[in-house]
Amino acid sequence: LVRRLGTQRWRNKRVVPGRWYSDTIYFSVKSITRKENSAQIFTNGKGFDVVYPIEGVKQCHQALVNFIQEHGIPQVLVVDGHKSQASYDTFDTQWGKMIREYQVKQSWIQPYCWWQNGAERVVGEIRRGMRSLQSLKQSPKRLWAYLVQYICGRRQRTASSASTAMGRTGFELVKGYTPDISLYLAHDWYDYIWWFDLQDKSSKLGRWLGPAGLQFGGGDCHFVITSAAKIHVNNTASPVAPDCPKEVTNSLLLMDKEI
């Protein structure tokens with residue numbers, strides 16, 4: 001009996017209710033770490049946006065697997081007609097295999113009617129937020145993989161004006177409980193911070209790149225970029241005082257120049 005019946009993975013995952021949308025975001029420069037040049041976004045159109053940086057459209061299915069593992073199986077998933085997302089006239093694709101394996105109900109938009117995909121509107125809002133923070137903080141474009149995750153995490157924990165959200169955050173609509181926004185209030189994007197290096201037991205200067213989320217640690221870790229343009233994960237970030245000594249100010253200017 002065990003040999004005849006394979007593992008039904010979809011039975012072990014919760015179903016996230018409602019209609020969900022997915023699309024691929026393309027960027028003009030590669031990420032600073034793993035050389036990603038695009039990202040796959042999943043959204044319910046009510047403020048819960050999740051994005052996964054990928055190295056190309058061939059990894060779209062991996063983003064779908066990550067979304068199912070972290071949040072659940074979408075009740076209905078709407079995509080456009082791209083072959084990487086198992087268009088109607090394709091069958092043997094990695095995305096299609098994941099759709100069948102997890103029993104996802106997938107539908108497609110009408111050709112050339114991009115507005116039927118709710119992810120298109122969300123992508124425009126995210127891009128506007130990215131341009132605003134990049135201009136305000138003068139952060140490098142190659143940090144987009146961290147910036148887009150920071151913006152989506154903040155949007156999840158902020159109540160929108162959509163009538164269907166009923167004044168609640170997108171996180172609460174999906175998860176069922178009030179989110180903790182303290183990690184997003186402690187610092188702002190690309191702020192100067194002090195972080196403690198456990199390797200050489202000393203405090204160092206860096207720039208804050210947002211919470212690490214479910215990727216590292218117990219949920220309280222941050223991404224930090226150093227003067228050597230290396231990304232570190234740490235949970236001891238503290239702000240740099242505005243009235244810091246002159247030698248600290250000079251170190252900050254030198255760090256920005258090196259980055």
Among residues at least two apart in sequence or on other chains, which ones pass side-chain contact (heavy atoms from CB on, under 4.5 Å) with Pro140?
Leu143, Tyr190, Ile259
In short, salt bridge (Lys or Arg N to Asp or Glu O under 4.0 Å) pairs touching residues 143-169 with sequence neighbours left out are Asp49-Arg155, Glu125-Arg155
Any pair with a residue in residues 202-223 that passes salt bridge (Lys or Arg N to Asp or Glu O under 4.0 Å), sequence neighbours left out, goes on the list, sorted by first then second residue, please.
Asp197-Lys204, Asp200-Lys204, Arg207-Asp256
Are Glu172 and Gln156 close enough, and set up right, to give a side-chain hydrogen bond (donor to acceptor under 3.5 Å, both in side chains), and what steps lead you there?
CA-CA 8 Å; Glu172 185 178 355; Gln156 290 181 14; over 6 Å; no
Test item: [X] side-chain N/O and [Y] main-chain N/O as donor-acceptor pair under 3.5 Å:
| X | Y | result |
| --- | --- | --- |
| Trp144 | Val29 | yes |
| Thr236 | Phe196 | yes |
| Asn66 | Gln62 | yes |
| Ser22 | Ile41 | yes |
| Gln116 | Asp80 | no |
| Asn117 | Trp114 | no |

Among Tyr52, Phe42, Phe48, Phe171, which residue meets the ring-ring contact (aromatic ring centres under 6.0 Å, His included) test with His71?
Phe48
Would a 4.5 Å heavy-atom cut-off, applied to side chains only, mark [X] and [Y] as touching?
| X | Y | result |
| --- | --- | --- |
| Tyr26 | Asn37 | no |
| Ile32 | Tyr146 | yes |
| Val79 | Trp108 | yes |
| His222 | Leu183 | yes |
| Ile126 | Cys152 | yes |
| Val248 | Trp194 | yes |
| Trp20 | Val78 | no |
| Lys230 | Ile225 | no |

Got a sec, which pairs hit side chain to side chain donor-acceptor pair (under 3.5 Å) with one end in residues 237-255, sequence neighbours left out?
none
Can you tell me if [X] has over 12 outside heavy atoms packed within less than 6.0 Å of its [atom1]?
| X | atom1 | value |
| --- | --- | --- |
| Lys141 | NZ | no |
| Tyr112 | OH | no |
| Lys83 | NZ | no |
| Lys30 | NZ | no |

By salt bridge (Lys or Arg N to Asp or Glu O under 4.0 Å), which residues pair with Lys58, not counting sequence neighbours?
none
How far does SG of Cys60 sit from CD of Gln85, to the nearest 0.5 angstrom?
5.5 Å
Are Gln40 and Thr24 close enough that a side-chain donor and a side-chain acceptor fall under 3.5 Å?
yes
Group every Ile, Leu, Val, Met, Phe, Trp and Tyr by side-chain heavy-atom contacts under 4.5 Å, then state whether Trp95 and Ile68 land in the same group.
yes
Face-on cation placement of Arg127 at Phe27 ring, 6.0 Å and 45° thresholds:
yes
Is the distance between the ring centroids of Phe223 and Trp195 under 6.0 Å?
no
With sequence neighbours left out, the residues meeting ring pair (Phe, Tyr, Trp, His ring centres under 6.0 Å) with His61 are none
What one should report as the nearest heavy-atom pair of Tyr150 and Gly210 is CD1-CA, 4.2 Å
